[in-house]
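Single-structure report; data block below.
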Amino acid sequence: MAFFLQNAWLIPLLPLLASAIITLTPIRRQAMASAWLATGLMMVATVLALGLLAAVSGGWALHHGELVQLAAHHSEHGAFAFPEPNVVQRFVWAPTGDTALQMGIYIDGAAAAMLAMVTITSTCIHLFSIGYMAAHPRQSRFFSFIALFTAAMLLMSMADNLLLFFMAWEIMGLCSYLLIGFLYERPSAARAAVKAFITTRIGDVLLLLGIVYLYAQAGGISFGNEEGGIFHPPLLERLASETGALGLSHAAGIALLIFGGTVGKSAQFPLHVWLPDAMEGPTPVSALIHAATMVAAGVFLVARTFPLFAADPTSLGVVAFIGAFTALFAATIALAQFDIKRILAYSTLSQLGFMVAALGVGGWVAAMFHLITHAFFKALLFLGSGSIIHAMEQQPSIQRIHHHDEYAAQQTAQDIRNMGGLRTRLPWTFWTYTAGYLALAGIVPFAGFWSKDEILLDAFKHNLAVYLTLSVAAFLTAVYMTRQWWLVFFGEYRGAHPVVFENPDAPASHAGHGHEDHHHDHDHGEHWHEDPRMIAALVVLASFAVTAGAFNLPFDGPGGHWLASLWGQEAAKLNPLVAGLSLLIALVGIALGWYGYRNAFATAMDTDPLAARAPGLFAVLNAKYRIDELYAATIGRLTTSLATAWSLLDRSVIDRLVDGMGRFTFGLGKVNFIIDDTLLNDGPDGLASGTQGTGRQARRLQTGKAQDYLIYVFSGLLALAVFWLYVIGR
């Protein structure tokens with residue numbers, strides 16, 4: 001056990017090493033070698049993370065290099081406190097006068113669980129990507145980026161202070177930008193990358209302000225319950241009792257600013273708009289960044305700094321409201337989407353809302369439990385959608401569109417109206433996807449049931465409004481996931497005559513080409529194929545979607561309360577009423593989804609049943625409540641107006657002022673040049689030349705001959721005589 005505790009720092013170093021080797025050495029020219037290098041090192045990191053988790057769960061810790069056994073810790077009822085960490089390794093990073101900023105790693109139960117989850121899901125996604133990205137010419141670059149992203153996520157999970165946490169957080173933001181815009185030839189991907197980068201920066205600025213605020217008040221930003229740590233009880237009491245700006249306590253002000261980072265990174269309302277557009281990246285990117293890891297980082301931020309939030313309940317009320325609203329808001333939008341990845345994207349928004357709301361009502365264990373189970377089954381669903389899309393893109397009707405417009409072909413392949421009957425064509429994908437679907441819908445005994453039920457139980461105990469909101473969101477989750485699952489896997493295959501995506505960025509000469517000949521296609525499924533490397537990743541994740549709920553079962557027995565015990569927190573007890581209602585809500589949602597869509601879409605061109613019954617409502621939901629348009633008409637227009645005004649000011653005033661000063665300085669320089677050249681240069685130069693010439697002439701008079709000197713004397717006397725006679729004498 002000592003080996004895993006002493007070498008925990010290797011876990012983020014291994015994927016970082018993979019990224020560096022791929023980027024800086026000739027191996028980048030070998031696509032498969034790069035892919036297997038990154039995947040292999042991720043597998044080693046996974047082994048180290050699992051070993052570390054085993055050591056931490058066994059209560060082992062390193063104190064001054066010695067292996068010791070920690071006493072069991074359980075928070076008292078109604079109180080929250082982190083247990084003693086298992087590993088703290090720090091070094092002096094930046095001296096600041098009498099003190100010094102330190103950097104290092106901080107491993108406790110929460111960090112160990114995050115490291116295990118991230119490495120397992122990332123390894124599966126790496127393995128899946130070997131098959132999915134095999135034909136892409138920039139495969140090596142892709143693996144370099146996802147390895148760097150994983151290294152940053154792992155470093156963030158084990159950071160010992162908020163500054164190092166923020167550094168890793170920002171590296172993830174950079175990698176997100178690079179991966180969302182990986183297919184940069186497409187204007188839509190480039191726009192989505194910029195949108196994600198700018199939107200998340202808003203939250204990141206708030207987070208940075210919160211870190212500065214905390215440092216100003218606490219004199220440090222290191223995690224820990226001891227004196228000097230930001231969870232030190234006397235410090236928390238002082239921050240909660242002293243008032244800062246806007247009448248808020250320091251604790252509430254700091255917590256709300258930190259929560260701003262969560263709103264951006266975890267795509268909570270109103271900064272949610274970047275996540276659906278981020279689906280422009282390759283599907284493994286959606287699974288890695290926008291399902292399992294990066295978006296969950298915002299939830300982990302609140303969980304990691306939870307004592308600051310718990311110090312003043314004001315901030316928790318805001319957290320609960322934003323989370324519950326986002327959960328319901330995103331679930332309604334998912335009801336009316338046709339892109340298989342966008343449905344999962346809005347599902348991710350909704351499930352992140354569940355986690356945030358759980359933290360807001362004090363359900364720390366429930367939020368972290370759902371974060372881990374959701375990472376497994378949502379990564380499974382995204383990778384399953386990637387397997388479906390990969391197979392759809394090989395079909396003749398899609399291939400013909402691909403010849404004219406690659407992006408239109410991909411978007412057409414992602415439309416669930418063009419699918420149907422795929423359970424027999426893609427059997428491995430069907431069964432693994434079904435496991436993820438049932439876990440997300442909340443069906444017992446799948447993982448999502450146990451973690452979502454614990455969230456609903458905490459909400460039921462502490463905030464009835466949040467409970468009712470999340471219950472409606474859970475019901476809608478079952479409805480839209482059943483809609484998607486049924487339309488993709490059941491009925492007749494509709495892709496022979498697809499609804500063709502109209503690419504707004506396509507050249508005018510290509511417009512409408514997708515319609516030319518697809519009516520003559522007769523596809524009998526002879527091109528369907530499942531890549532074994534993809535299937536292996538799906539099977540591993542599906543096993544966790546089925547079994548991960550056993551990590552924290554709400555009763556005594558094998559697996560019972562294991563995560564709560566690992567984290568040193570109060571364990572939740574099974575409430576048959578809440579659990580029964582949760583299961584009933586999911587079953588009714590599934591039944592409604594099946595009833596509404598069992599006979600829908602005989603062809604891809606048919607109208608959605610919800611659109612037929614409530615066209616106005618469907619149009620609003622399909623347009624995502626026009627939030628993007630609202631932002632474009634308000635914030636976007638204001639920003640454009642300010643940019644235009646600044647441009648005019650720059651051209652009309654600043655440029656002219658600078659140009660005028662330039663011309664004035666240039667003229668002044670010319671005058672100075674003339675003065676310098678004529679008076680200061682030519683004058684002294686002429687005087688010097690004349691002196692030299694006079695000297696040369698004088699030297700000629702000095703011949704050294706007596707007769708020459710007599711001639712000079714005679715000539716002088718003659719000149720004086722003439723001067724006397726003709727000038728003075730007259």
Side-chain angles (χ1 to χ4, degrees), residues 80 82 101 156-157 159-173 176 196-224 229-232 235-274 294-326 352-353 355-362 364 367 635:
F80 181 91
F82 285 116
L101 288 175
M156 187 208 74
S157 300
D160 82 311
N161 67 79
L162 278 171
L163 180 58
L164 183 58
F165 190 105
F166 184 74
M167 291 178 178
W169 176 282
E170 287 300 292
I171 294 172
M172 285 194 296
S176 173
F197 191 82
I198 293 175
T199 305
T200 53
R201 291 292 76 71
I202 297 172
D204 292 356
V205 169
L206 296 176
L207 170 58
L208 183 59
L209 291 175
I211 295 173
V212 173
Y213 190 179
L214 176 61
Y215 184 80
Q217 293 297 321
I221 48 177
S222 295
F223 301 138
I230 61 175
F231 307 140
H232 191 46
L235 171 64
L236 295 175
E237 291 176 8
R238 180 176 67 81
L239 293 177
S241 61
E242 295 180 358
T243 303
L246 302 176
L248 296 171
S249 68
H250 291 313
I254 293 168
L256 289 175
L257 286 171
I258 290 175
F259 181 61
T262 295
V263 171
K265 193 72 82 179
S266 289
Q268 297 295 284
F269 182 88
L271 299 181
H272 66 285
V273 293
W274 69 270
M294 190 185 90
V295 292
V299 178
F300 184 67
L301 171 63
V302 177
R304 176 49 91 197
T305 58
F306 192 73
L308 291 169
F309 289 80
D312 188 338
T314 302
S315 57
L316 289 179
V318 175
V319 171
F321 173 78
I322 293 294
F325 179 82
T326 304
L352 291 169
M355 302 172 208
V356 171
L359 290 167
V361 298
W364 189 92
I635 299 173

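The first residue in the sequence is number 1, and the count goes up from there. Everything numeric in this text was worked out from a predicted model, so none of it was measured.
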Next item on the list: State, yes or no, whether a side-chain contact exists between Leu101 and Tyr215 at a heavy-atom distance under 4.5 Å.
Entry: yes
Check: So Phe223 and Phe165, would you call those rings parallel, tilted or perpendicular, with 30° and 60° as cut-offs?
Finding: perpendicular
Check: If we only count heavy atoms from C-beta on, is the Leu235 to Arg238 side-chain gap below 4.5 Å?
Finding: yes
Check: Counting N and O atoms only, with roles assigned by atom type, does the side chain of Ser266 sit under 3.5 Å from a partner on the main chain of Val295, one being a donor and the other an acceptor?
Finding: yes
Margin query: Nearest 0.5 Å, please: how far is CD1 in Ile202 from CD1 in Ile635?
Written below: 7.0 Å
Next item on the list: Measure from the side-chain N and O atoms of Ser315 to the backbone N and O of Leu256, and report whether any donor-acceptor pair falls under 3.5 Å.
Entry: no
Next item on the list: Specify the closest pair of heavy atoms between Ala252 and Thr314, including all atoms of both residues, with the distance to one decimal.
Entry: CB-CB, 4.5 Å
Note to self: Could you measure the distance from the OG1 atom of Thr200 to the CG atom of Leu207? Nearest 0.5 Å is fine.
What the structure shows: 11.5 Å
Check: Just wondering, do Ile322 and Phe259 contact through their side chains at under 4.5 Å, heavy atoms?
Finding: yes
Margin query: If I take atom CE from residue Met167 and atom CE from residue Met172, how far apart are they, to the nearest 0.5 angstrom?
Written below: 14.0 Å
Margin query: Ignoring hydrogens, what is the shortest heavy-atom contact between Gln268 and Thr262? Give both atom names and the distance.
Written below: CG-O, 4.5 Å
Note to self: Ignoring hydrogens, what is the shortest heavy-atom contact between Val356 and Val319? Give both atom names and the distance.
What the structure shows: O-CG1, 3.3 Å
Notebook entry, point to check: How many angstroms lie between atom CG of Leu209 and atom CG of Asp204, to the nearest 0.5 angstrom?
Noted result: 11.0 Å
Next item on the list: Please round to the nearest 0.5 Å and tell me the distance separating atom CD1 of Ile221 and atom CG of Leu163.
Entry: 4.5 Å
Notebook entry, point to check: Per the side chain to side chain contact (heavy atoms under 4.5 Å, CB included) rule, which among Leu162, Ile254, Leu239 passes with Ile230?
Noted result: Leu162
Margin query: In the structure I gave you, are the side-chain heavy atoms of Leu308 and Leu236 within less than 4.5 Å of one another anywhere?
Written below: yes
Identify each donor-acceptor pair in which a side-chain atom of residues 296-306 lies under 3.5 Å from a protein atom, sequence neighbours left out, and give them as a table.
from, atom 1, to, atom 2, distance (Å)
Arg304, NH1, Asp108, OD2, 3.0
Arg304, NH2, Asp108, OD1, 3.1
Thr305, OG1, Leu301, O, 2.8

Check: Looking at Ala240 and Ala311, what are the two nearest heavy atoms and their distance?
Finding: CB-O, 3.4 Å
Item checked: Atom pair CD1 (Ile258) and CD1 (Ile211), whose distance is rounded to the nearest 0.5 Å -> 7.0 Å
Notebook entry, point to check: Quick check: does any side chain N or O of Trp274 sit under 3.5 Å from a backbone N or O of Gly264, one acting as donor and the other as acceptor?
Noted result: yes
Item checked: Intermediate values then yes/no, side chain to side chain contact (heavy atoms under 4.5 Å, CB included), Phe309 and Leu359 -> CA-CA 9 Å; Phe309 289 80; Leu359 290 167; over 6 Å; no
Next item on the list: Would you name the heavy atoms of Glu242 and Gln217 that are closest together and state the gap between them?
Entry: OE1-OE1, 4.3 Å
Notebook entry, point to check: Around atom OH of Tyr213, are there more than 12 heavy atoms of other residues, nucleotides or ligands at under 6.0 Å?
Noted result: yes
Next item on the list: Decide side chain to side chain contact (heavy atoms under 4.5 Å, CB included) for Glu170 and Met156; before the verdict, give the C-alpha distance in whole Å, the side-chain angles of both, and the deciding distance to 0.1 Å.
Entry: CA-CA 10 Å; Glu170 287 300 292; Met156 187 208 74; over 6 Å; no
Margin query: I need the minimum non-hydrogen distance between Ala357 and Ala324, along with the two atoms involved.
Written below: CB-N, 3.7 Å
Next item on the list: Could you give me the CA-CA distance, side-chain angles and deciding distance for Phe82 and Trp364, then say whether side chain to side chain contact (heavy atoms under 4.5 Å, CB included) is met?
Entry: CA-CA 11 Å; Phe82 285 116; Trp364 189 92; 3.7 Å; yes
